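Here's the structure, in structure tokens; my notes come after.
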Number of protein chains: 2
Amino acid sequence: MTEAPLRRQTRQRTAVAEALDSQEQFRSAQEIHDVVRHRGDSVGLTTVYRALQAMAEDGQVDVIVRDDGEAVYRQCSPSHHHHLVCRSCHTTIEIEAPSVETWATRISAEHGFRDVAHTIEVFGLCTKC
Amino acid sequence: MTEAPLRRQTRQRTAVAEALDSQEQFRSAQEIHDVVRHRGDSVGLTTVYRALQAMAEDGQVDVIVRDDGEAVYRQCSPSHHHHLVCRSCHTTIEIEAPSVETWATRISAEHGFRDVAHTIEVFGLCTKC
DNA sequence: CTTTGTGCAAAGGCTTTGCATGCTT
DNA sequence: AAGCATGCAAAGCCTTTGCACAAAG
């Protein structure tokens with residue numbers, strides 16, 4: 001299986017994790033960097049990128065690559081889920097999709113695919129917007 | 001409604017369209033540029049980017065933003081569909097997902113979202129890989 | 001003739017890398 | 001002490017933009 005690549009605990013990683021915790025919506029690495037600084041901690045942008053990548057690899061945070069190619073991160077619930085995102089205010093709602101999971105598994109099997117993963121994001125305008 | 005932004009027919013746009021036609025898999029703008037050149041046509045990279053964007057806007061081609069942030073294009077069937085992509089050889093199979101469409105519509109409605117669109121891509125290893 | 005398209009070079013924006021130094025274990 | 005982590009600056013990459021010229025309608 002996938003073994004956790006032994007991360008070392010540092011002031012910087014803690015700061016990034018806390019900054020991420022304080023945010024409700026998906027944030028880019030640079031935004032997290034700003035949040036960290038506003039909270040009074042000082043962490044290099046490079047380190048933020050590396051910390052975020054590490055956390056994503058370890059499955060501690062969710063990553064979405066937006067249409068413009070920028071990667072955004074968010075601390076989410078540990079269980080598998082997807083997102084319903086408002087394209088105007090970016091409010092994000094976690095959604096579950098048991099039927100979709102089933103569908104993905106079935107369609108993959110039908111075509112002989114293994115080790116399947118999927119990306120499902122729903123975008124729209126929320127009530128307020 | 002969305003009105004088609006009057007495109008002018010040029011040698012370059014035709015070349016890009018043909019290059020795209022000749023490809024089975026998703027290709028990046030730069031790859032399409034190479035294909036065009038190998039076919040003997042000469043088109044600037046910038047123009048390829050602009051042509052691809054225009055075609056995508058007009059719904060003539062499918063675009064996927066890969067995890068690395070690069071946009072890849074492909075000439076697909078006109079109807080709404082999704083993709084099952086091999087993460088090794090990039091073989092792509094078009095799949096339909098009526099149940100998923102229904103689910104997306106329903107879940108969006110439940111949360112009061114309007115103008116909904118969704119992204120669904122399934123990745124795995126195909127039989128050959 | 002007017003408007004849109006083309007192309008080159010340069011700029012932009014996000015992300016990664018090289019490398020010397022610092023800190024965790 | 002040994003090895004991963006940090007940070008700054010620089011480089012990489014894909015993509016977009018400015019601008020003068022060419023081509024389509």
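In what follows, chains are A, B, ... by sequence order, proteins preceding strands, each numbered from 1. Just so it is clear, the structure is predicted and the values come from calculations on it, not from any experiment.
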* Asked: Touch check for B:A71, heavy atoms < 4.0 angstrom, all strands: base, sugar-phosphate only, or nothing?
  ->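 The answer is sugar-phosphate, as B:A71 gets under 4.0 Å only of primed atoms, P, OP1 or OP2.
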* Asked: At under 4.0 Å between heavy atoms, what does A:Q53 touch on the DNA or RNA strands: base, sugar-phosphate, or nothing?
  ->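 Result for A:Q53 = sugar-phosphate.
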Interatomic distance where [atom1] belongs to [X] and [atom2] belongs to [N] [whole Å]:
X     : N      : atom1 : atom2 : result
A:I64 : C:dC14 : CD1   : C1'   : 17 Å
B:D67 : C:dC14 : CG    : C1'   : 15 Å
A:L52 : D:dG7  : CG    : C1'   : 16 Å
A:D68 : C:dG12 : CG    : P     : 18 Å
A:E70 : C:dT15 : CD    : C1'   : 10 Å
B:E31 : D:dC14 : CD    : C1'   : 12 Å
B:Y49 : C:dA9  : OH    : P     : 16 Å
B:L6  : C:dT4  : CG    : P     : 9 Å

Output the single nucleotide from [options] whose closest atom is nearest the side chain of [X].
X     : options                : answer
A:Q9  : C:dT24, D:dT17, C:dT25 : C:dT25
B:T46 : C:dC8, C:dC14, D:dT15  : C:dC8
A:Q30 : D:dT6, C:dT15, D:dT15  : C:dT15
A:L45 : C:dG18, C:dG5, C:dT15  : C:dT15
B:R8  : C:dG7, D:dG25, C:dT15  : D:dG25

* B:A29 or A:S42, whichever maps to the more 5' nucleotide of DNA chain D ->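 Mapping each residue to its closest nucleotide by heavy atoms, the 5'-most match is A:S42.
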* Got B:Q30 and B:L45 here, is their nearest side-chain heavy-atom distance under 4.5 Å? ->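 Side-chain contact under 4.5 Å: yes.
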* Asked: Taking atom types as modelled, is there a side-chain donor on A:T119 or B:E121 under 3.5 Å from an acceptor on the other?
  ->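 Short answer, no.
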Any [X] side-chain nitrogen or oxygen under 4.0 Å from OP1 or OP2 of [N]:
X     : N      : result
B:R66 : D:dC13 : no
B:T10 : C:dT4  : no
B:T47 : C:dG7  : yes
A:R13 : C:dC23 : no
B:S28 : D:dC14 : no
B:Q12 : C:dG7  : yes

* **NE2-NE2 distance between B:H38 and B:H33, expressed to the nearest 0.5 angstrom** =>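 Rounded to the nearest 0.5 Å, the NE2-NE2 separation comes to 11.0 Å.
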* **B:R37 CZ to B:D34 CG distance, which is reported to the nearest 0.5 Å** =>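 Answer for the CZ-CG pair, B:R37 versus B:D34, is 8.5 Å.
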* Asked: Taking A:T92 as the fixed residue, which of A:Q25, A:E24, A:H83 is the one that meets the side-chain hydrogen bond (donor to acceptor under 3.5 Å, both in side chains) rule?
  ->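 That would be A:Q25.
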* Side-chain donor or acceptor of B:Q75 paired with backbone N/O of B:Q23 under 3.5 Å ->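 Judged by distance alone, no pair lies under 3.5 Å.
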* Would you say the base of D:dG7 and the side-chain of A:R50 have a donor-acceptor pair closer than 3.5 Å? ->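 Under the 3.5 Å cut-off, the side chain and the base do form a donor-acceptor pair.
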